[in-house]
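Just the heavy atoms: all of them, side chains too, but no hydrogens, waters or symmetry mates, feed the values below.
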Amino acid sequence: MSRLSPGQRWVVALGGFAVLLLVVGLVGIVVGVVHASAVCGDDEYTVPCPGDTSGVLWGGVLAVLGLLHLGLTGLAGAVVWSTTPTIAPRPARRPRIEPDGPHRVFSYGTLQQSAVQDALFDGVVRTEPDSLPGWRIDHVTITDPEVVRTSGSDRHPILRRGTAEDRVDGAVLVLGFAWQLEAVDAYEVADYRRIEVTLASGTTAWVYVAADQV
């Protein structure tokens, strides 16, 4: 729900004050009329009692002021509401989550793109150059429209086992949270499987390879 701007809050407050004036004025009129219609005497002979009728006068004045005030407030409100936008609701505070990493993922393709990282991790993550020996790059056609939209292409690289001379260059993504690793799992389609490997640097990392190579 949107919040009111300062100008809108002033209009609401003035409107409330105008309604209060109107109510007090009407109460004053009623009290004055009751006093003015009072009678004195017994069952056989009654005469009007001299009562205080000033309530009718002051009540009428307050009621008229309240009506005028309410009308002017309505006009001011129409102007303020048409020219002053409401304020968006305060964003919900996300609970603070302590890092539970690092979780290292070796990327040889689209995960190195800043746009993909921003979509998956809510920002660009730290990367370290590295390579994976004993594997070679092939390609696969992606049919998941969300993955294609995120990466900008339906042709993605995929790893297959190679010879001892084969080597795939890439980078290690250093993820601080488990949910980021889960986001990569959701991004990589069924053609891929995540396995743990040892890179050329000696670093242990996760990597996504062809499902039929596991």
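Residue pairs meeting the side chain to side chain donor-acceptor pair (under 3.5 Å) criterion with at least one partner in residues 107-118, sequence neighbours excluded, are T110-Y187. Applying the salt bridge (Lys or Arg N to Asp or Glu O under 4.0 Å) rule to pairs touching residues 102-117 yields nothing, sequence neighbours excluded.
At a threshold of 4.5 Å between non-hydrogen side-chain atoms, the residues F177 and E182 do not count as touching. Contact annotation: the side chain of L159 approaches that of V168 to within less than 4.5 Å [non-hydrogen atoms, C-beta and beyond].
Looking at residues two or more places apart in sequence or on another chain, you find a side-chain hydrogen bond (donor to acceptor under 3.5 Å, both in side chains) between D130 and S201. A search for side-chain hydrogen bond (donor to acceptor under 3.5 Å, both in side chains) contacts involving T204 returns nothing, not counting sequence neighbours. Taking E146 as the reference, R149 meet the salt bridge (charged side-chain N to carboxylate O under 4.0 Å, His left out) condition, with sequence neighbours excluded. Take T127 and apply the side-chain hydrogen bond (donor to acceptor under 3.5 Å, both in side chains) test, not counting sequence neighbours, and it matches no residue. Taking R126 as the reference, E128 meet the salt bridge (charged side-chain N to carboxylate O under 4.0 Å, His left out) condition, with sequence neighbours excluded. Listed by chain and residue number, I142, D154 satisfy the side chain to side chain contact (heavy atoms under 4.5 Å, CB included) test with V148 (two or more places apart in sequence, or in another chain). The side-chain hydrogen bond (donor to acceptor under 3.5 Å, both in side chains) search around D166 returns T163, not counting sequence neighbours.
In this structure, CG in L120 is found 6.5 Å from CG in L111, a value given to the nearest 0.5 Å. Between the CD1 atom in I137 and the CZ atom in R167 there is a gap of 13.0 Å [rounded to 0.5 Å]. Atom CG of D169 sits about 7.0 Å away from atom CZ of F106, to the nearest 0.5 Å.
Side-chain heavy atoms closer than 4.5 Å link hydrophobic residues (I, L, V, M, F, W, Y) into clusters, and following such links, possibly through other members, connects I195 to L175.
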Please list every donor-acceptor pair under 3.5 Å in which a side-chain atom of residues 205-214 meets a protein atom from a residue at least two apart or in another chain.
from: Y208; atom 1: OH; to: D185; atom 2: OD1; distance (Å): 2.5
from: Y208; atom 1: OH; to: R194; atom 2: NE; distance (Å): 3.4
from: D212; atom 1: OD1; to: R160; atom 2: NH1; distance (Å): 2.9
from: D212; atom 1: OD2; to: R160; atom 2: NH1; distance (Å): 3.2
from: Q213; atom 1: OE1; to: R161; atom 2: N; distance (Å): 3.1

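For the residue pair F121 and Q180, the shortest heavy atom distance occurs at CE2-O, 3.4 Å.
Formation of a donor-acceptor pair under 3.5 Å by the S151 side chain with backbone atoms of V147 is found in this model.
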